Amino acid sequence: MHLARFPRLRLAHLPTPLEPMERLSAELGGPNLWIKRDDCTGLAGGGNKTRKLEFLMADAVERRADTVITQGATQSNHARQTAAAAAKLDLQCHLLLEDRAALPDEDYRCNGNVLLDRLHGATLHGYPGGTDMNAAMEELAGKLRDGGGKPYIVPGGGSNEIGALGYVNCALELLQQANDAGLEIAQVVHATGSTGTQAGLVTGFRGSGSGVPVLGISVRAARDAQEESVFRLAERTAEYLGVPGAVRRDHVVADSDYVGPGYGLPAPDTLAAIRLFARTEGILLHPVYTGKAAAGLIALARKGRFAADDNVVFVHTGGAQALFAYRGSFGFTDQGES
Ligand SMILES: *Cc1c(COP(=O)(O)O)cnc(C)c1O
């Protein structure tokens with residue numbers, strides 16, 4: 001797999017560190033937990049979308065776009081990283097934000113990622129939950145074209161075969177780090193949503209013949225639906241990369257037991273996982289993506305899903321910036337914790 005054949009702009013701080021989580025591993029009585037710090041990709045506070053945007057923004061620039069359009073939930077980390085990349089590349093940026101979680105909280109509507117989107121100079125457009133966001137992006141693109149503009153649509157979450165190359169790259173980077181350290185990886189675990197991260201990782205691990213197994217903890221869809229969507233994108237990504245057929249349906253594994261009350265809403269085990277990472281490792285998780293993935297990792301470790309001496313790598317896909325939008329969920333007040 002030769003990624004240098006594809007246009008790419010350097011936006012991320014790479015390689016991201018691979019670090020042991022000794023206190024958390026001891027707390028859980030094994031396995032050996034490691035963390036791949038994709039929360040440290042640098043741009044606008046970092047996160048997994050930056051790896052995808054290296055390839056997507058290169059495509060936009062090659063097509064001579066003057067504007068990028070993308071969509072996500074109100075507190076989208078993807079929107080924030082796209083706004084920052086657009087600012088750096090001198091492109092206009094329109095963010096279409098869908099009110100999926102419908103939280104009335106002022107912090108949710110104005111703080112966290114929304115504050116940062118505005119700082120990066122993006123134009124924000126709000127939509128009610130349930131809107132056809134792809135149609136909304138097309139409509140805005142049509143208007144901009146009519147006015148003589150050259151818009152480029154970045155799909156939600158940056159998840160198409162171009163964006164997924166960013167996570168093929170992450171798989172190759174992780175293999176290099178593991179090989180250098182003499183570390184045999186038994187399992188990779190991460191949060192899966194719009195599918196580009198898992199599709200890229202699986203394509204990278206399978207296309208390179210390493211066969212490292214990946215488990216995606218779903219933040220929204222039921223297991224079968226999530227696996228099907230990831231598989232479809234992995235097939236397209238493998239084709240695009242020149243390794244058609246590298247990924248089989250049974251290589252794609254998701255678990256939807258940690259979604260809790262729904263998309264964008266933390267469950268009690270999500271909040272407990274966020275506290276545990278913060279208090280044992282000094283690591284900040286996202287209130288509804290990496291928090292749910294960590295809840296899954298912790299529950300599976302406690303259930304004995306891994307052998308005590310397995311090396312399990314948790315990919316931290318970022319998102320701590322959204323914690324400030326979810327202050328209410330933690331029950332912290334000026335009196336302490338309620
Ligand atoms: C977008 C996102 C994910 C999920 O990645 P997908 O490629 O959309 O599946 C996980 N964690 C965080 C913090 C994210 O912002």
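Please read all numbers here as calculations on a predicted model, not as lab measurements. In each ligand, atom 1 is the first atom listed, and ligand 1 is the first ligand listed. Values below: every heavy atom of this structure, side chains too, minus hydrogens, waters and symmetry copies.
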Subject >> Under-4.0 Å heavy-atom contact with ligand 1, by part of Lys52 that carries it >> reply: side chain
Original post:
Honestly, is Arg63 close enough over Tyr152, meaning NZ or CZ under 6.0 Å from the six-membered ring centre and within 45° of the axis?
Top reply: no
Any idea which protein heavy atom is nearest [atom], and the distance to it?
atom	result
atom 12 (C) of ligand 1	Thr317 OG1, 3.5 Å
atom 9 (O) of ligand 1	Gly193 N, 2.7 Å
atom 5 (O) of ligand 1	Asn48 ND2, 3.1 Å
atom 2 (C) of ligand 1	Lys49 NZ, 2.4 Å
atom 8 (O) of ligand 1	Ser194 OG, 2.5 Å

Please identify which atoms of ligand 1 are closer than 4.0 Å to at least one heavy atom of [X].
X	value
Gly318	13 (C)
Gly196	7 (O)
Ala191	4 (C), 10 (C)
Asn77	13 (C), 14 (C), 15 (O)

Original post:
Going by atom types only, do Glu138 and Asn134 share a side-chain donor-acceptor pair under 3.5 Å?
Top reply: no
**OP:** Please determine, by modelled atom types, if Thr192 and Gln226 share a side-chain donor-acceptor pair under 3.5 angstrom.
**Re:** yes
Salt-bridge present ([X], [Y]; N to O < 4.0 Å):
X	Y	result
Glu227	Arg223	yes
Lys36	Glu19	no
Arg80	Asp117	no

Original post:
Is there a chain of hydrophobic side chains (I, L, V, M, F, W, Y, each step under 4.5 Å between heavy atoms) that links Val252 to Val188?
Top reply: yes
Original post:
So which of Thr197, Leu285, Thr192, Ile217 gets nearest to atom 6 (P) of ligand 1, if we judge by its closest heavy atom?
Top reply: Thr197
Subject >> Residue Asp146 excluded, over 12 heavy atoms near CG under 6.0 Å >> reply: yes
